[in-house]
Amino acid sequence: MSALSAQRGSVPADAVNGLQVVILAGGLGTRLGELGTQRPKILLPVADRPFLDLLLAPLIEAGLHRFHFCLGHLARPVLEHLCRLPAPVEVTSHVDTAQRGTAGALRAAERHLDEVFLLVLGDTLLDLPYADAPHWLRHTRDEGVMVVTSADTGVHPNTCVQDGRVTGYDEDAAADTGTFWTDTGVCVLRRRALRHLGTRQDPVDLGALFRALIRRRALAAHLVDRPFTDIGTPDRYTRFRAVHEDRPP
């Protein structure tokens, strides 16, 4: 692993919502095909702006200014872009070229993580009132809270919820009797939740972590009715660009 840091600005304590935002943006982008080999997925252009800027906008507008980026594939241009972000934004990052999966990348970044942090996937855009995010994790027994939506997003519902808790995820959801929702790629986690990955070898994805928390009844659900955007495939990226650039897909 090589640890690099990009920092821009110094934010006064009284002007910052202290919640750390962790953004996973180190994947190979294999679902994007040729697009994923040309530039980092998080920097794909949308209306003459990188997707990263669109992702950060609602977070910064909500008063969140502390970001840590977990990077890997094509990290250099992302680091260069982060150095150009205007103050007040505080950015740290680490680069890990091993293929660890989404949960494995978090585990590798553990020393950079706050005790509680907001996790956002780098290919997902969800516009929410993020100023409320520190309050989503309501109970000390909960080690995470997943933001799930009832909106039609073009992604098949993959999450079951009962009494405010996630009770089934992905393949486990098929056997669950709860209401079906869709994971938005946004959650709040306690750093200690990563211990439930145990000795599982990389690559390991977030689904494994979520299922471990579900077994312990330690994963709450934050319910929303807003759609989210996932640009992880060529079709979804093309449609997202069409909407923002006001042209036919």
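These figures come from a predicted structure and were not determined experimentally.
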To the nearest 0.5 Å, atom CG of Leu206 lies from atom CZ of Arg211 at 10.0 Å
Can you say whether the rings of Phe51 and Phe240 are parallel (under 30°), tilted (30 to 60°) or perpendicular (over 60°)?
perpendicular
For Gly232 against Lys41, the heavy-atom pair lying closest together:
CA-CD, 4.2 Å
Is there a side-chain contact (heavy atoms from CB on, under 4.5 Å) between Ile42 and Phe69? Walk through the geometry before answering.
CA-CA 11 Å; Ile42 200 168; Phe69 284 78; 4.2 Å; yes
Check: His112 and Thr92 side chains under 4.5 Å, non-hydrogen atoms
no
For the residue pair Tyr169 and Phe210, categorise the inter-ring angle as parallel (less than 30°), tilted (30 to 60°) or perpendicular (more than 60°).
perpendicular
Please examine the side chains of Val46 and Ile231, heavy atoms only from C-beta on, and report whether any two atoms are closer than 4.5 Å.
no
How many angstroms lie between atom CZ of Arg239 and atom OG1 of Thr229, to the nearest 0.5 angstrom?
12.0 Å
Just so I know, are the side chains of Pro45 and Arg39 near enough to count as touching, which here means a heavy-atom distance under 4.5 Å?
yes
Can you check salt bridge (charged side-chain N to carboxylate O under 4.0 Å, His left out) on Asp114 and Arg66, steps first, answer last?
CA-CA 11 Å; Asp114 286 1; Arg66 297 180 57 237; 2.8 Å; yes
Contact summary for Pro227 and Ala151, nearest pair of heavy atoms:
N-CB, 3.5 Å
Got a sec: does the CZ of Arg138 have more than 12 other heavy atoms crowding it under 6.0 Å?
no
Verify, without hydrogens or angle tests, whether Arg216 (side chain) and Ala212 (backbone) share a donor-acceptor contact under 3.5 angstrom.
yes
Within-4.5 Å side-chain heavy-atom neighbours: Cys70 and Val22:
yes
Straight-line distance of Leu119 CG to Leu24 CG, nearest 0.5 Å
5.0 Å
Side-chain touch Thr182/Asn158, heavy atoms, less than 4.5 angstrom:
yes
Given side chains that start at C-beta, do those of Trp181 and Cys160 come closer than 4.5 Å, heavy atoms only?
no
Honestly curious: do Leu44 and Leu71 fall in one hydrophobic cluster under the side-chain, below-4.5 Å linking rule?
yes
Check whether Arg190 reaches the backbone of Asp142 with its side chain - one donor and one acceptor, N or O, closer than 3.5 Å.
yes
I'd like to check Leu189 versus Leu113 (side-chain heavy atoms, cut-off strictly below 4.5 Å). Are they in contact?
no
Is the side chain of His65 donor-acceptor paired with the backbone N or O of Pro88 at a distance under 3.5 Å, no angle test?
yes
Any side-chain to backbone donor/acceptor pair from Asp152 onto Gly154? Under 3.5 Å, distance only.
yes
Is there a donor-acceptor pair closer than 3.5 Å between any side-chain N or O of Arg165 and the backbone N or O of Arg217?
yes
Verdict with reasoning, Val147 to Trp136, per side-chain contact (heavy atoms from CB on, under 4.5 Å)
CA-CA 9 Å; Val147 181; Trp136 296 347; 3.5 Å; yes
Tell me whether Leu74 is reachable from Leu52 by hopping between hydrophobic residues (I, L, V, M, F, W, Y) whose side-chain heavy atoms are closer than 4.5 Å.
no
Within 6.0 angstrom of Arg107 CZ, more than 12 heavy atoms from elsewhere
yes
In Å, rounded to the nearest 0.5 Å, how long is the span from CD1 of Ile60 to CG of Asp53?
8.5 Å
Would you say the side-chain atoms of Asp183 pair up with the backbone N or O of Met146, donor to acceptor, closer than 3.5 Å?
no
Look at the side chain of Asp205 and the backbone N and O of Ala208, then say whether any donor-acceptor pair between them is shorter than 3.5 Å.
yes
Going by heavy atoms in the side chains, are His94 and Arg111 under 4.5 Å from each other?
no
State whether the side chain of Thr153 and the backbone N or O of Phe228 hold a donor-acceptor pair below 3.5 Å, judged by distance alone.
no
Between CG of Leu118 and CZ of Phe67, what distance do you get to the nearest 0.5 Å?
9.0 Å
Could you state the interatomic distance from CG (Leu54) to CZ (Arg49), rounded to the nearest 0.5 Å?
5.0 Å
Let me see the working for Arg215 and His196 under side-chain contact (heavy atoms from CB on, under 4.5 Å), right down to the final yes or no.
CA-CA 10 Å; Arg215 288 193 295 271; His196 299 307; over 6 Å; no
Which heavy atom of Ala103 sits nearest a heavy atom of Leu197, and at what distance?
O-CD1, 3.9 Å
Closest contact, heavy atoms only, Pro58 versus Leu125
CG-CD1, 4.5 Å
